[in-house]
J.: 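Input: one structure, supplied below.
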Amino acid sequence: MAELKTKRNKQSVEAFLNTVEDEQKKADCFELVKIMEQITGAKAEMWGDSIVGFGSYRYKYESGREGDWFLAGFSPRKQNLTMYIMGGGMRHNPELMEQLGKYKTGKACLYVKKLSDIDLTILKKLIQQSIEVLKSNS
């Protein structure tokens with residue numbers, strides 16, 4: 001079984017975020033750090049080279065594969081801010097998603113151009129619900 005490449009490490013979150021060239025995206029990243037630290041109660045840590053993660057949980061699939069992953073996280077990608085909200089809050093709460101604002105989604109990701117495009121109160125609720133789902137399943 002292949003080992004997961006994206007792992008928690010000791011790289012500096014602040015140094016990484018300071019490499020973001022777009023000033024608005026950089027400011028949004030530092031705001032996301034505050035939001036996610038507040039909700040998770042965990043300090044920001046680097047996972048791999050480009051993901052900022054908060055907290056962790058142990059997952060185990062029916063196949064027997066298991067590992068550690070962050071409760072919530074984000075990455076400042078070229079096109080979007082990518083937020084990793086794994087717990088299914090996006091799928092299980094379409095009413096909140098309708099109130100969020102301008103975004104796109106992937107399987108477990110929320111993509112936004114800038115935080116001002118979305119309602120941060122709704123985002124916080126989605127993150128909180130995601131974490132609750134993850135904790136109840138681990």
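Nothing fancy with the numbering, it's 1 onward along the sequence. What you are looking at is a predicted structure, and each value in this text was computed from that prediction instead of being measured.
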J.: Is there a donor-acceptor contact under 3.5 Å from the side chain of Lys25 to the main chain of Lys78?
T.: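 Flag set: sc Lys25 to bb Lys78 pair under 3.5 Å.
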
J.: Tell me, with the steps shown, if Ile131 and Tyr57 meet side chain to side chain contact (heavy atoms under 4.5 Å, CB included).
T.: CA-CA 10 Å; Ile131 291 168; Tyr57 72 99; over 6 Å; no

J.: Could you tell me which residues satisfy side-chain contact (heavy atoms from CB on, under 4.5 Å) with Thr121, sequence neighbours excluded, listed by chain and number?
T.: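 Testing Thr121 for side-chain contact (heavy atoms from CB on, under 4.5 Å), a comparison that skips the adjacent residues, returns Asp119, Lys125.
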
J.: Looking at every heavy atom in both Arg8 and Ser56, which two are closest together, and how far apart are they?
T.: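 Here Arg8 and Ser56 meet closest at NH2-OG, 3.3 Å.
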
J.: Do Ser75 and Tyr84 come close enough that some side-chain heavy atom pair is under 4.5 Å?
T.: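 Yes - at least one pair of side-chain heavy atoms lies under 4.5 Å apart.
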
J.: Among all residues two or more places apart in sequence or in another chain, which pass the salt bridge (Lys or Arg N to Asp or Glu O under 4.0 Å) test with Lys43?
T.: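 Once residues adjacent in sequence are excluded, Lys43 has no partner under the salt bridge (Lys or Arg N to Asp or Glu O under 4.0 Å) criterion.
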
J.: Let's go through Asp28 and Val112 carefully: what are the C-alpha distance in whole Å and the side-chain angles of both, what is the deciding distance for side chain to side chain contact (heavy atoms under 4.5 Å, CB included) to 0.1 Å, and is it a yes or a no?
T.: CA-CA 10 Å; Asp28 285 351; Val112 300; over 6 Å; no

J.: Just so I know, are the side chains of Leu96 and Gln129 near enough to count as touching, which here means a heavy-atom distance under 4.5 Å?
T.: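 In contact.
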
J.: Rounded to the nearest 0.5 Å, what's the gap from CD on Gln128 to OG1 on Thr40? Could you check?
T.: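 Going from CD on Gln128 over to OG1 on Thr40, the span is 9.5 Å.
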
J.: Distance alone, cut at 3.5 Å: any donor-acceptor contact between the side chains of Gln99 and Glu95?
T.: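 Distance-only check fails for Gln99 and Glu95.
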
J.: Going by side-chain contact (heavy atoms from CB on, under 4.5 Å), name the residues that satisfy it together with Lys26, two or more places apart in sequence or in a different chain.
T.: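 By the side-chain contact (heavy atoms from CB on, under 4.5 Å) rule, Lys26 matches Asn18, Val20, Glu23, Phe30.
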
J.: Show, in sequence, the C-alpha distance, side-chain angles and deciding distance for Met97 and Thr105, and conclude whether the side chain to side chain contact (heavy atoms under 4.5 Å, CB included) test is met.
T.: CA-CA 10 Å; Met97 295 305 292; Thr105 60; 3.9 Å; yes

J.: Would Asp117 and Lys114 count as a salt bridge (charged side-chain N to carboxylate O under 4.0 Å, His left out) if you check the C-alpha gap in whole Å, the side-chain angles of each, and the deciding distance to 0.1 Å?
T.: CA-CA 6 Å; Asp117 286 343; Lys114 54 188 180 288; 3.5 Å; yes

J.: Could you give the distance from CD1 (Ile127) to CG (Leu32), rounded to the nearest 0.5 Å?
T.: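 Ile127 CD1 to Leu32 CG: 7.0 Å, rounded to 0.5 Å.
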
J.: Ser50: which residues meet the side-chain hydrogen bond (donor to acceptor under 3.5 Å, both in side chains) condition with it, sequence neighbours left out?
T.: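 Result, side-chain hydrogen bond (donor to acceptor under 3.5 Å, both in side chains) vs Ser50: Arg77.
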
J.: Report yes or no: does Gln11 contribute a side-chain atom to a donor-acceptor pair with the main-chain N or O of Asp49 at less than 3.5 Å?
T.: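 No; judged by distance alone, with no hydrogens or angles, the pair does not exist.
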
J.: NZ of Lys34 to CE of Met36: how many Å apart, nearest 0.5 Å?
T.: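 Between Lys34 NZ and Met36 CE, I get 14.5 Å after rounding to 0.5 Å.
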
J.: A side-chain contact here means heavy atoms from C-beta on lying under 4.5 Å apart; do Phe16 and Cys29 qualify?
T.: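 Counting from C-beta outward, Phe16 and Cys29 never come under 4.5 Å.
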
J.: For Leu17 and Pro76, work out which heavy atoms get closest and say how close.
T.: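 In terms of heavy atoms, the two residues are closest at CD2-CG, 4.4 Å.
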
J.: Starting at OG1 of Thr6, measure out to CD1 of Ile51 and round the result to the nearest 0.5 Å.
T.: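 Here the rounded value is 5.0 Å.
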
J.: So which pairs with a foot in residues 35-55 pass ring pair (Phe, Tyr, Trp, His ring centres under 6.0 Å), sequence neighbours left out?
T.: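 The answer is Trp47-Trp69, Trp47-Phe70.
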
J.: Can you name the side-chain contact (heavy atoms from CB on, under 4.5 Å) partners of Asn80, sequence neighbours left out?
T.: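 Checked Asn80 against side-chain contact (heavy atoms from CB on, under 4.5 Å); matches are Tyr111, Lys113.
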
J.: Can you tell me how far CG of Leu123 sits from CD1 of Ile85, rounded to the nearest 0.5 angstrom?
T.: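 Those atoms lie 5.5 Å apart.
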
J.: Side chains of Val52 and Met46: closer than 4.5 Å at any heavy-atom pair?
T.: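 SC-SC contact between Val52 and Met46 confirmed.
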
